[in-house]
Structures are given as C-alpha cells and as structure tokens.
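Just so we're on the same page: letters track the sequence lines, and every chain starts at 1.
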Protein chains: 2
Amino acid sequence: MPTPERTSVDEIVTAGREILELAGPAGLTMQAVATRVGVRAPSLYKRIRDRDALLSAVATASIEALTAQLEAAADDLTALARAYRTFAHAHPEGFRLMFTAAASHEALGRSAAPLIRAASALVGEDDALDAARLFTAWATGFLQMELSGAFRLGGDVDRAFEYGLSRLLTGMAA
Amino acid sequence: MPTPERTSVDEIVTAGREILELAGPAGLTMQAVATRVGVRAPSLYKRIRDRDALLSAVATASIEALTAQLEAAADDLTALARAYRTFAHAHPEGFRLMFTAAASHEALGRSAAPLIRAASALVGEDDALDAARLFTAWATGFLQMELSGAFRLGGDVDRAFEYGLSRLLTGMAA
DNA sequence: ACCTGAACACCGTTCAAGT
DNA sequence: ACCTGAACACCGTTCAAGT
C-alpha cells in the first residue's frame, strides 16, 4: 500500500536555507530540517543521500537565487557589484556556504554568465574571463571580509567598496 | 602531588594545524589532537576551553605564519601577492580556516601592516587603507576560488592571477 | 512506497576518582 | 596539579517493522 509523500526535496532545501540563516551551519542539523518539514530525521534519507548532499543542495539553491538577482541587475559591473553585495547582506550564511560546500557546476556556470557578459562589454572577449575573475574575486573577498567582521577596525566600509569598484573599473578599462 | 604537564597549548595548536591539513576541518577532532599529543581527549580541556577555541587558536597561528611570510616578502604589492598565494597553496586548509574561525584581532592587525605599508607607498596615506582592502579582498577571493576549484572550467589560472594583479596595480596608481 | 522507533557509531564535554 | 575512565548529550545514519 503506497504511502503519500509527506515532503519533497524542494521543501527540504527551502527549510535548509531558512534554518541556515536562523541558526548558522552548526544549527543546520538533519533533525532541525526534519522537524521543520514535518517528518522524522530518518525519512530525509529517502530524498537526499546525507547531510553533505543537503549542504551542497542548499549551496546550489543559494547560487541560483543569487543568479536571479544578478540577471535582474543591469548589464554593467557596477550594478552587478551592488546586487552581489545586497544578496550577501540579505543571506549572509547562504553566501558563505556557496564557497564552502560543493555546489553544482551548472549552477556556478550560470551565475558567471552575466558577469562575463558585462566584463566582455568593458574589456573585449579576449580578456573577458580574466576580467570576470578579477571582479568576482574582489567582490567575493570583500564581502567575506565584511561579513566576517574583518573590517571592524575602522574606516568606512561603504566607501571602501566604492573605492575598490571604481579602481577596479579604471584598471580594467586602461 | 603535582603531576608534570604532558603537553602544552603550543603543542596542541601545532598538532591541530597538522591534522587540519591532513584530514580537513571535519577530521580535526579533539580525539585526533589528543592522540597526536599523547594524552586523552578530556585532558585537552585543561588547556583550551573547547573545540571552537581550538579552531580559533589554529586560525590565529595560521595568520601568524602568513604574517611571517608577508614580512619576509619585499615591500611591494606584487611580492606580497605572490607570497600570499604561495602560503595558500602550502596550507590550503589553514588558509580557509583563517576566514571561517574567529581569529585574534591583534594577529589580524599585524598581518595587515605590511599590506598597508606597501599600499601607502603606492597610493599615499589617505587611500592606503582602502587600497589595502581592495588588494586583500581580491587576493583572498581569488585564492579561495582557486582552492575550491571554482576555476576548473578553463582558462589559465596563473595568467588570471597576473592579469588581476597588473590591472589592480594600474587602477590603484591611476 | 514511504514513514518511524530503535539502535549504533562517533564526537564534544563534564566530572569524580586516581596519582 | 594534571590525567583518566566513565558517563551523558547530541548528531548522523541504518534498518527492520509498520502502514
């Protein structure tokens, strides 16, 4: 006698993202996810291999959410930088997890597309990939440092962000 | 009757750094550290508050090791960038941990000093802090992406690093 | 088919008892 | 003083038994 499914991968991943932001990575336990979706922990293993696979799925979902924001931004690097930062502020734990857990290759590729397009418009096709990597590395490092409190010791963080962005664009266009 | 100490904080942190590189963060257990320094796990709690404090201590030690390399590098940003990358390649897990676990403020400040000095020489005192943050953010983000395999999809990573470095210097000097 | 309680392995941590 | 075995709480994971 088949039993109707009481949850789904989507529901589990969504619950995982919510718990991650509320309780951090250590709080993202199989128990917590199970409780939130209304089943017992062992039932989760019908949908996902293990906790690592859950973390990867949550990381991938975060990247996809970020990609949607980047695609909604205008096609220039300034707008993309600000959209990136807005996303990181809104989902700090999901942002961090994107660089910790192994996310899907396809999702990573899709998130890079708008950046490469905007970089290409600025520096040409030949240097587009290197330029996109320069830009992404800076933005990623800056936001991780900002989120981890490495900038606590003084200075205006907003100003530092704009300084970095403008110098980066100057350097790339030169 | 006092018992002689069979280990020390230094020995524990050193063991922690070694285990971290060999077995990753998940392998850095209190048991593994205790075995390596020759005591039982409960004895570690005479020296460090808990596993989180151990992770912080290991992160701080990693930052101090990095600082020593940066101070040994010549006082220009190109040499500092290459020293930074060399360190990250040599201690990938320690490098990652530096941005994950809460490290000591003083250690972080000391590691920033050579960068701010080099940045100041290039852009002047007023912009030195912003420039150092731009540089550090780029290098940190680049190395994290390189270590996490985000660059797997093609292109020459060494070339991308040199491209980023030269564009960054161009933009900062403009 | 899917769900669950029970069980197991493993880890962090505490503590009373040893020396 | 420091060290340890024993114990506890908590978590990930498996599995036989339920429906």
Next item on the list: Classify the nucleic acid contact of A:R47 as base, sugar-phosphate or nothing, counting any heavy atom under 4.0 Å across all strands shown.
Entry: sugar-phosphate
Notebook entry, point to check: Can you check the A:E11 CD to C:dC3 P distance for me, whole Å?
Noted result: 11 Å
Notebook entry, point to check: In terms of side-chain heavy atoms of B:D50, which of D:dG5, C:dT13, D:dC3 is nearest?
Noted result: C:dT13
Note to self: Less than 4.0 angstrom from a charged side-chain N to a carboxylate O is my criterion; do A:R167 and A:E162 meet it?
What the structure shows: no
Item checked: Among D:dG5, D:dC2, C:dT4, the one nearest B:K46 by side-chain distance -> D:dC2
Margin query: Let me check I have this right: for DNA chain D, each base becomes ., (, ), [, ] or |, based on Watson-Crick or G-U pairs with both distances under 3.5 Å. What is the full string?
Written below: ||.|||||...|||||.||
Notebook entry, point to check: So B:E64 and B:R110, salt bridge (Lys or Arg N to Asp or Glu O under 4.0 Å) or not? Walk me through it.
Noted result: CA-CA 8 Å; B:E64 279 164 357; B:R110 275 193 296 276; 3.5 Å; yes
Note to self: Tell me whether B:R96 is salt-bridged to B:E93, with the criterion being a basic N under 4.0 Å from an acidic carboxylate O.
What the structure shows: yes
Check: Is a side-chain donor-acceptor pair under 3.5 Å present for A:S148 with A:Q144?
Finding: no
Next item on the list: For D:dG12, take OP1 and OP2 only and decide whether either is under 4.0 Å from a side-chain N or O of A:R51.
Entry: yes
Check: Hey, is the side chain of A:S43 poking within less than 4.0 Å of OP1 or OP2 on C:dT4, counting only N and O atoms?
Finding: yes
Margin query: Of the listed nucleotides (C:dT4, C:dC2, D:dC2), which one gets closest to any side-chain atom of B:E5?
Written below: D:dC2
Check: How about B:F95 and B:Y84: are their ring centroids closer than 6.0 Å?
Finding: yes
Margin query: In whole Å, I'd like the distance from the CD1 atom of A:I48 to the C1' atom of D:dG12.
Written below: 11 Å
Margin query: Can you measure B:I19 atom CD1 to C:dC11 atom P for me and round it to whole angstrom units?
Written below: 12 Å
Notebook entry, point to check: Within this structure, what is the CG-to-C1' distance between A:D52 and D:dT13, rounded to whole angstrom?
Noted result: 13 Å
Note to self: OP1 or OP2 of C:dT4 versus the side-chain N and O atoms of A:R6: is any pair under 4.0 Å?
What the structure shows: yes
Next item on the list: Quick one: do A:R85 and A:E146 satisfy salt bridge (Lys or Arg N to Asp or Glu O under 4.0 Å)? Show the steps, please.
Entry: CA-CA 10 Å; A:R85 190 161 180 234; A:E146 182 180 5; 2.9 Å; yes
Note to self: In whole Å, I'd like the distance from the CZ atom of A:R49 to the P atom of D:dT14.
What the structure shows: 11 Å
Note to self: In this structure, how many angstroms lie between the P atom of C:dG12 and the CG atom of B:L54, rounded?
What the structure shows: 9 Å
Note to self: If you only use heavy atoms from C-beta on, which nucleotide in D:dG12, D:dT4, C:dG5 is closest to the side chain of A:Y45?
What the structure shows: D:dG12
Notebook entry, point to check: Atom CE of A:M30 and atom P of D:dT13: how far apart are they, to the nearest Å?
Noted result: 6 Å
Margin query: Membership question, hydrophobic clusters at under 4.5 Å side-chain separation (ILVMFWY): are B:L55 and A:L147 in the same one?
Written below: no
Next item on the list: Taking only the side-chain heavy atoms of B:R40 (C-beta and beyond), determine which of D:dG12, D:dT14, D:dT4 contains the nearest atom.
Entry: D:dT4
Next item on the list: Compare the minimum distances between each of D:dG12, D:dT13, C:dT4 and the side chain of A:A41, then state the nucleotide with the smallest one.
Entry: D:dT13
